[in-house]
Number of protein chains: 2
Amino acid sequence: MPTTLKDVAERAGVSRSAVSRTFTDGASVSAKMRQRVEKAAKELGYSPNALASSLTTGRTRLIGLVSNNFHNPIFLEVFDLFTRGLQDKGLRPLLVNLTDETDPANSVKMMRQYSADGVIVASSTLPAGFAKAFRDAGIPVVRAFGRPTRAPQAHVVGIDNVEAGRMAATTLVARGYTRLGFMGGPQDATSTQDRMHGFLDELARHPHVTVTHSFADAYSFDAGRQEMLRLLQSSPAQAYFGGDDVLSIGALSAIADHGLRVPDDIGIIGLNDMTMAGWENINLTTIRQPIQQIVTSCIELITGMLDDPDRYPEHRIFACKIIERGTLRHEIHILSSS
Amino acid sequence: MPTTLKDVAERAGVSRSAVSRTFTDGASVSAKMRQRVEKAAKELGYSPNALASSLTTGRTRLIGLVSNNFHNPIFLEVFDLFTRGLQDKGLRPLLVNLTDETDPANSVKMMRQYSADGVIVASSTLPAGFAKAFRDAGIPVVRAFGRPTRAPQAHVVGIDNVEAGRMAATTLVARGYTRLGFMGGPQDATSTQDRMHGFLDELARHPHVTVTHSFADAYSFDAGRQEMLRLLQSSPAQAYFGGDDVLSIGALSAIADHGLRVPDDIGIIGLNDMTMAGWENINLTTIRQPIQQIVTSCIELITGMLDDPDRYPEHRIFACKIIERGTLRHEIHILSSS
DNA sequence: ACTTTCTTTGCAACCGATTGCAAAAATAAT
DNA sequence: ATTATTTTTGCAATCGGTTGCAAAGAAAGT
């Protein structure tokens, strides 16, 4: 059983308050007092019980990190950055796996039980209702990788997926492709909807370009592979914008199996720039989300809310960047129509 | 501010103990009492503060999940399984990223501060000192993916890496390869040491087989790729046992770049069977660790320790299995020496 | 109906800390 | 040296619960 405040107080021959004060900065303690206490504390190997103190201070320094994306490799990176970032600020991530959870109420209850100071909802597929539920429960929340709502109800950090779709479109057009395809993730994922919207919208400005679209069942290798195999049955497009990297890599494998060459026969551009996209035997041209900045922003916002819970909700949207690799041709074809 | 026990007690017109009792199972409460309390609780949206109760019960249901493997994709799977498994038992994982941490004392202090009921050290590269530090601090601990110590000091769950090395050896020998290589991970990782040991030891029983070995700098794609590029400079072996999958996939890319074909020109077998190994455009033959069983066992052991902290430390070692894919030839060559 | 036994309930102390307040000690001002 | 001011310290209440104990109530036994 660990040593408590009282033990230290007794050994140092001082009051319990004195001990408490030496361990809370900004409190009034004389130099000698501090010395005595610190000596006793060291001898006993004392370190204050954060949970007990949370009772009176109302702060646990616990942050719920909730996600349902435990299969997309990009999220390992996300978790890495979040845990490090939070730790650096003296916060502890309480990891919550929402894979089989549909009711926000349960999560709220859980966060309440553990009096989490705040919650970070890191998911591109969870409905906005989750973040909202936390907010309504009075728990500071920031949503990472989500779609901004029209009237900001909670902090949202991420990229503009519509813009990313546009970016994919202009990139493909600039490479001279004229028959394009959008191969999305699940049709009900807002990320897929937005990316498609931006993609199609931009292409509408290029009348000489034709475009088709379809959806894979999930953001997964297999789904991407299946969908691409299907597409390859009948005349496929010259190039595809894949819903995300893992999907695109699945598509790549389908293309290879079909005996076609990338980028000569067919081009593909993904989104995320997850580690594997950079592997030389994958070498996927893709659109990079600035994960590090997104995570940093989230942490900034959540700590901001700890200080001022009534802070106005904010959207922080970052630009993406094309990562040039080997799945898109470089040459610019001269178009007959221009 | 959330409603408390007292609020409920007042609204129900009963004592605080009564409320407490209706929410602790095994406590003596009459049916009508329970009803009244539950009604009031529902009306107020009350749920007990787990942290406050931990003060008296000495149980937080918080489990430290500490790891430093935030770059090996297999660990996303590991985190997924751990979080789900723990949640199912009503435990909450407190994720600790030890990437930049070298001193176990800090982690121990942290776990103490949050009074974690137990700790799971999930890492193949962290020194045994970490687990030991927790144990010495009186915190129940189980080590996943670690090397068993001679006298069990703490629960260890994982595979027998020596045996896995043997398995790789016998597999390669059975395929008729006679010039083999071991391409390990970091030389100081116990997993690499053990795998090599088993591999070489087994091969010693096959005098017609020659073997070389070398090490990559890390369990990473790039390290594997670099090392294989180096090996390809001078006469490479016919087949390699790669330190793990990610390393092996890096090696695969080097081999492809070098214009050699797998498995015709060179064979490779990995270890882990991470998701990407099964991707059709990777298709790595590998040795599978039963991750699910390992995780389940860890959780079983840690919950066991919660009930009986003095339970004898135990090693649970699981067998591995060859996952046949496309990076090893199938034909059995007739050996000149037999 | 009365005692005995068992179950329910409330009181009050406690878990490990923090903090407002007032007394005590140290410093500064006169 | 005395008083006024500031700083340091301890007391005691509190945070949101749990739990041993004894009193009250219900059920069972005779």
Side-chain angles (χ1 to χ4, degrees), chain A residues 1-38 40-41 44-62 90 92 109-117 138, chain B residues 1-38 40-41 44-62 109-117 138:
Chain A
M1 37 248 56
T3 56
T4 77
L5 192 73
K6 195 163 136 247
D7 302 332
V8 179
E10 276 166 10
R11 175 172 255 264
V14 302
S15 75
R16 290 157 56 231
S17 344
V19 179
S20 171
R21 288 195 177 100
T22 56
F23 284 96
T24 35
D25 32 30
S28 152
V29 231
S30 69
K32 42 206 137 344
M33 175 84 274
R34 154 153 278 135
Q35 271 199 330
R36 286 180 66 178
V37 172
E38 275 173 352
L44 296 171
Y46 169 76
S47 67
N49 181 327
L51 268 22
S53 83
S54 83
L55 254 191
T56 37
T57 60
R59 289 219 159 318
T60 54
R61 307 196 70 76
L62 247 28
R92 296 296 152 205
K109 193 167 127 206
M110 221 219 81
M111 287 294 106
R112 267 269 196 62
Q113 285 182 180
Y114 282 88
S115 346
D117 285 349
Chain B
M1 33 249 57
T3 57
T4 78
L5 193 72
K6 195 162 137 247
D7 302 332
V8 179
E10 277 167 8
R11 175 172 255 265
V14 301
S15 76
R16 287 157 58 229
S17 344
V19 179
S20 173
R21 287 194 178 102
T22 56
F23 284 97
T24 33
D25 32 29
S28 154
V29 231
S30 69
K32 42 207 140 341
M33 176 84 273
R34 155 153 279 135
Q35 269 198 331
R36 284 180 65 177
V37 172
E38 275 174 351
L44 296 172
Y46 169 76
S47 68
N49 181 328
L51 267 23
S53 83
S54 84
L55 255 191
T56 36
T57 60
R59 288 217 160 320
T60 54
R61 305 195 73 74
L62 248 27
K109 192 167 129 208
M110 219 220 82
M111 288 292 108
R112 268 269 195 62
Q113 286 182 181
Y114 282 87
S115 347
D117 285 349

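Residue numbers begin at 1 in each chain, while the letters A, B, ... track the order of the sequences.
What separates CE of M33(B) from P of dT9(C) is a distance of 6 Å, to the nearest Å. Computed from coordinates, the Y114(A) OH to dG17(D) P distance equals 13 Å when rounded to whole Å. A straight line from NZ of K32(B) to P of dT7(C) spans 14 Å, rounded to a whole angstrom. To the nearest angstrom, C1' of dG17(D) lies 16 Å from CZ of R61(B). Taking atom CD of residue Q35(A) and atom C1' of nucleotide dT9(D), one finds them 17 Å apart after rounding to whole Å. Taking atom CG of residue L5(A) and atom P of nucleotide dC11(D), one finds them 13 Å apart after rounding to whole Å.
The phosphate of dC15(D) (OP1 or OP2) has no side-chain N or O of S54(A) nearer than 4.0 angstrom. Taking 4.0 angstrom as the limit, Y46(B) places a side-chain polar atom (N or O) nearer than this to OP1 or OP2 of dG17(D). Look at S20(A) and you'll find a side-chain N or O under 4.0 angstrom from OP1 or OP2 of dT18(C). Considering only side-chain N and O atoms, S30(A) lies nowhere under 4.0 angstrom from the phosphate OP1 or OP2 of dA26(C). Residue S28(A) places at least one side-chain N or O closer than 4.0 Å to OP1 or OP2 of dT8(D). In this structure, S15(A) reaches the dG10(D) phosphate: one of its side-chain N or O atoms is under 4.0 Å from OP1 or OP2.
Two residues are said to be in side-chain contact when any heavy atoms from C-beta on lie closer than 4.5 Å; D117(B) and L62(B) fail this criterion. Residues T4(A) and N49(A) fail the side-chain proximity criterion, which asks for heavy atoms closer than 4.5 Å. Within the 4.5 Å cutoff, the side chain of F23(A) has heavy atoms near those of the V37(A) side chain. The shortest distance between side-chain heavy atoms of R59(A) and S54(A) does not fall below 4.5 Å.
For the pair T56(A) and A18(B), both in contact range of DNA chain C, the more 5′-proximal nearest nucleotide belongs to A18(B).
The base of dG17(D) has none of its N or O atoms less than 3.5 Å from a complementary donor or acceptor on the side chain of R21(B). One N or O donor and one acceptor, one from the side chain of R16(B) and one from the base of dG17(D), sit under 3.5 Å apart. For dC11(C), the base has a donor-acceptor partner in the side chain of S17(B) [N/O atoms by modelled type, under 3.5 angstrom].
Taking all atoms of both residues into account, the shortest heavy-atom contact from L51(B) to Y114(A) is CD2-O, 3.2 Å.
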